[in-house]
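Before any comments, here is the structure.
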Amino acid sequence: YPTDKIRNFSIIAHVDHGKSTLADRLLELTGTIKRGHGQPQYLDKLQKEGQNNRTIFRWRKTSLFCALRASTMVERERGITVKAQTATMFYNYELKKGDPSYLLNLVDTPGHVDFSYEVSRSLAACQGALLVVDAAQGVQAQTVANFYLAFESNLAIIPVINKIDQPTADPDRVKAQLKSMFDLDTSDVLLTSAKTGQGLEHVLPAVIERIPPPPGKCDSNLRMFLLDSYYDEYKGVICHVAVVDGSLRKGDKITSAATSQSYEVLDVGIMHPELRPTGFLLTGQVGYMVSGMRSTKEARVGDTLFHSRTTVEPLPGFKPAKHMVFSGLYPADGSDFEGLNHAIERLTCNDASVSVARESSTALGLGFRCGFLGLLHMDVFHQRLEQEYGTHIISTVPTVPYIFEYSDGSKVEVQNPAAFTANPKIRVVASWEPTVLATIIIPSEYVGAVINLCSERRGEQIEYSFIDTQRAFMKYRLPLREIVVDFYNELKSITSGYASFDYEDSEYVASDVVKLDILLNGQPVDAMATIVHKLKAQRVGRELVEKLKKYIDRQMFEITIQAAIDSKVIARETISAMRKNVLAKCYGGDVTRKKKLLEKQKEGKKRMKRVGSVDIPQEAFHAILKVS
Ligand code: GTP
C-alpha cells in the first residue's frame, strides 16, 4: 500500500458514548472480525486473555469513574478492559477513482488522563480522529479533554453523534454544543447508531475523504514510534509501532533513541486484529514488532526506533514516565513479604510505568513504595494485586510528590511523608505542591454545590461558562493532593451522579504544608503519617483520630490516639482499657468450644499490626485512606 492508500485514525469519546461498540462495528464492516459473533465486544474478549497474562491490561475510561467511586468490586470490574488493540482493516472504497483498496489503521488510545502522555503519543501516530458524542448526553468532560488532545496534535477531527436511536436523542442540541465549544463545522457531522447500524456506512468513507494520508517519506531512513508494548509469555515483549519514515523488515538491526540499546527484529507484522506476520512494515503503517527485549521496561512509549547503521533525528515528544501518586504497599500478613514481592514483580512485567522501591516501616515491616501515573493507575494496580495474585495488602495514604526547600539550601522532591524532614538539623523553608487543571461539566442546578466543594478542596476557578441553557462548564485549578482522596466520589454524590470530570497535570504552586503524625500511646506510626496543607491540618487530624478510635478495639490497657504537628498535639482521643476474656461465655469448661474460641481469636489477630503494644486492625489502615 502506497501511503496515499493508508489512513491512520483513532476514536476518542467520553466514557460510555460508544467508542468500543463503534470500533467493533467498523471491524465487522471490514470483515476484520466476524459479524454478530455473539461476543460482547472484541475488547471484552481480550480481557479474558488478559487474565492469563497474555495481554497487557489497559483501563478504559469507565474505570476511572468506577475505580474512584471505590464502591463494589463488581462495579469496578465492569470498567476494566484491556486496551482495544490497534487494528488494521482492509476496505474497498469504490466511489473514489483508481484502485479502491485502502488500508485503515484504527489506533487505540488509552481511555484515561492518567495515560494522557500515552494518548498524545498514540494520537501522534494518527492524522485524524472520530470524536464520538452521545446524542442524548452531549458533550462531557472527557469529550473536551480528548478534543483538545487531538486538536493539539493537529488531527483532522470528524464529529460523530452516536446513539441516535435513543428516544432522548437530540442531535441538534449536540451539534450546537460542538459548534459553541469547539467551533467545529457541524454541516457534515456524522449521525450514527452503533447499535442499529444506522449511518455507519458513512464513517469509513469520511475517514478516507477527510483524513489526510500519513506524511512520511518512503525513501528516508527508518524512523518509527513506539506506541505501546506488552509481555507475551511465548513471544516475549511485543511492541506496537508506527512507521513514520522508511521501512522495517524482519532481520533488521534497530536502535532505541531513548536507551541506545540495539535489537534484531525477530518478527514483524500487522494486527488484523490478531498478530499476523508480514515480514515488513512500510511507511505510514502501524503494526507490531518483536525484537528480543527482555522486559517492557526497555520499551518506552514515545521512543523513536531506527536502523542501527543510520543516524536520524528522533521524533519529537518523548518523555519518561512521570509518577504523580505514591503509596506504600505492605503485606497484610506481615510474613508474606516474598509473596508480595513476587506479585509486584510479575505485575510490573506488564506495566512498566509503575516505579517500585523497597521501603520499611516500623509499623508495617518490609514493603514497597510504588509510584503511579495517577489515581486510577494506582487503584487498578492495587486491585490486580489482590484479585490476580491473591495478596492481601495494606496501602498507606496516597501522597503526591512535593518539592521542599530546606534550611541548608537543598531542594528535593519528597514522595514519602516519612522523608519530610529526614534530618532533624534542617528545617523546611518553602514547599510546592503539584496541581491539576480539572474540567467539570454539570447540570446548572448543581453549580453552587460544586463551587463549594472545589473551594473546600482549595480550588481556584479558572473558567465558568455554559455549554447550553442546561449545562455548565467549569475549569478549576486544584491541588492534586485534594483530588487524590475521595474527590470524585463526593463530586458524584453532590450532583446526584450527573457530574462529569476530567483533569490534566498542571504546574507546581507554592503551598504551606506540614507533616501530620499519628501517635498511639505516644509512639508515632510512620505508616499513618501524611502531608497536609496547614489550613486543613486541624480538621484532618481530628478526623483521623476519630476514625482510628472507631476501628481500634479496646485492649487491656488505655490507648491514646493523637495527631501531632512538629510534636505539638492537635487532636486526641482515648480508648479505655478492657479485659477481653473470650472464654467468659464458656461456662462449664467445654474444652472443644474453648479451643474453637481461642482459635478464632488467634485468626482475628493475624490481620492485626502491632505498633508498640497496640494492635491495629487492617481496616483501620483502610479507613484512614479516605480522610482528606
Ligand atoms: P468505555 O469503553 O467504557 O469508555 O465506553 P465506550 O465509549 O467504549 O462505550 P461502549 O461502546 O462500551 O458503549 C457503552 C454502552 O452504550 C453499551 O451498553 C453499548 O451497548 C451502548 N451503545 C453503544 N452504541 C450505542 C448506540 O448507538 N445506541 C444505543 N442505544 N446504545 C449504544
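Counting starts at 1 for both ligands and their atoms, in listed order.
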- Query: Do the ring centers of Y102 and Y1 come within less than 6.0 Å of each other?
  - Reply: no
- Closest by any non-hydrogen atom to atom 22 (N) of ligand 1: pick that one out of R25, Q142, K195, K163. K163
- Note on the structure: Heavy-atom closest pair (T32 atom, T30 atom, distance to 0.1 Å) is OG1-OG1, 2.7 Å
- With heavy atoms of S20 as the reference, note each atom of ligand 1 found under 4.0 Å away. 2 (O), 6 (P), 8 (O), 11 (O), 12 (O)
- Task: List every atom of ligand 1 that sits less than 4.0 Å from any heavy atom of H14, numbering the atoms from 1 in the order shown and giving each element.
- Result: 7 (O)
- May I ask you to check whether S193 and Q198 show a side-chain donor-acceptor distance below 3.5 Å? no
- Item | D16, V132, I12, T168: member with heavy atom nearest to atom 5 (O) of ligand 1 | D16
- Message: Looking at K179 and D185, is any side-chain nitrogen of the basic one under 4.0 Å from a carboxylate oxygen of the acidic one?
- Response: no
- Message: Taking 4.0 angstrom as the limit and counting only heavy atoms of Q166, give me the atoms of ligand 1 inside it, by number and element.
- Response: 30 (N)
- Message: Restricting to ring-ring contact (aromatic ring centres under 6.0 Å, His included), what partner residues turn up for Y446, sequence neighbours left out?
- Response: none
- Task: Could I get the full list of side-chain contact (heavy atoms from CB on, under 4.5 Å) partners for Y464, not counting sequence neighbours?
- Result: V447, Q461, F466, A472, M474
- Query: So which of A135, P167, A194, G18 gets nearest to atom 27 (O) of ligand 1, if we judge by its closest heavy atom?
  - Reply: A194
- Measure T21 to ligand 1 on non-hydrogen atoms and call it side chain, backbone, both or neither using the 4.0 Å cut-off. both
- Message: Checking contacts here: is it the side chain or the backbone of D165 that comes within 4.0 Å of ligand 1, counting heavy atoms only? Could be both or neither.
- Response: side chain
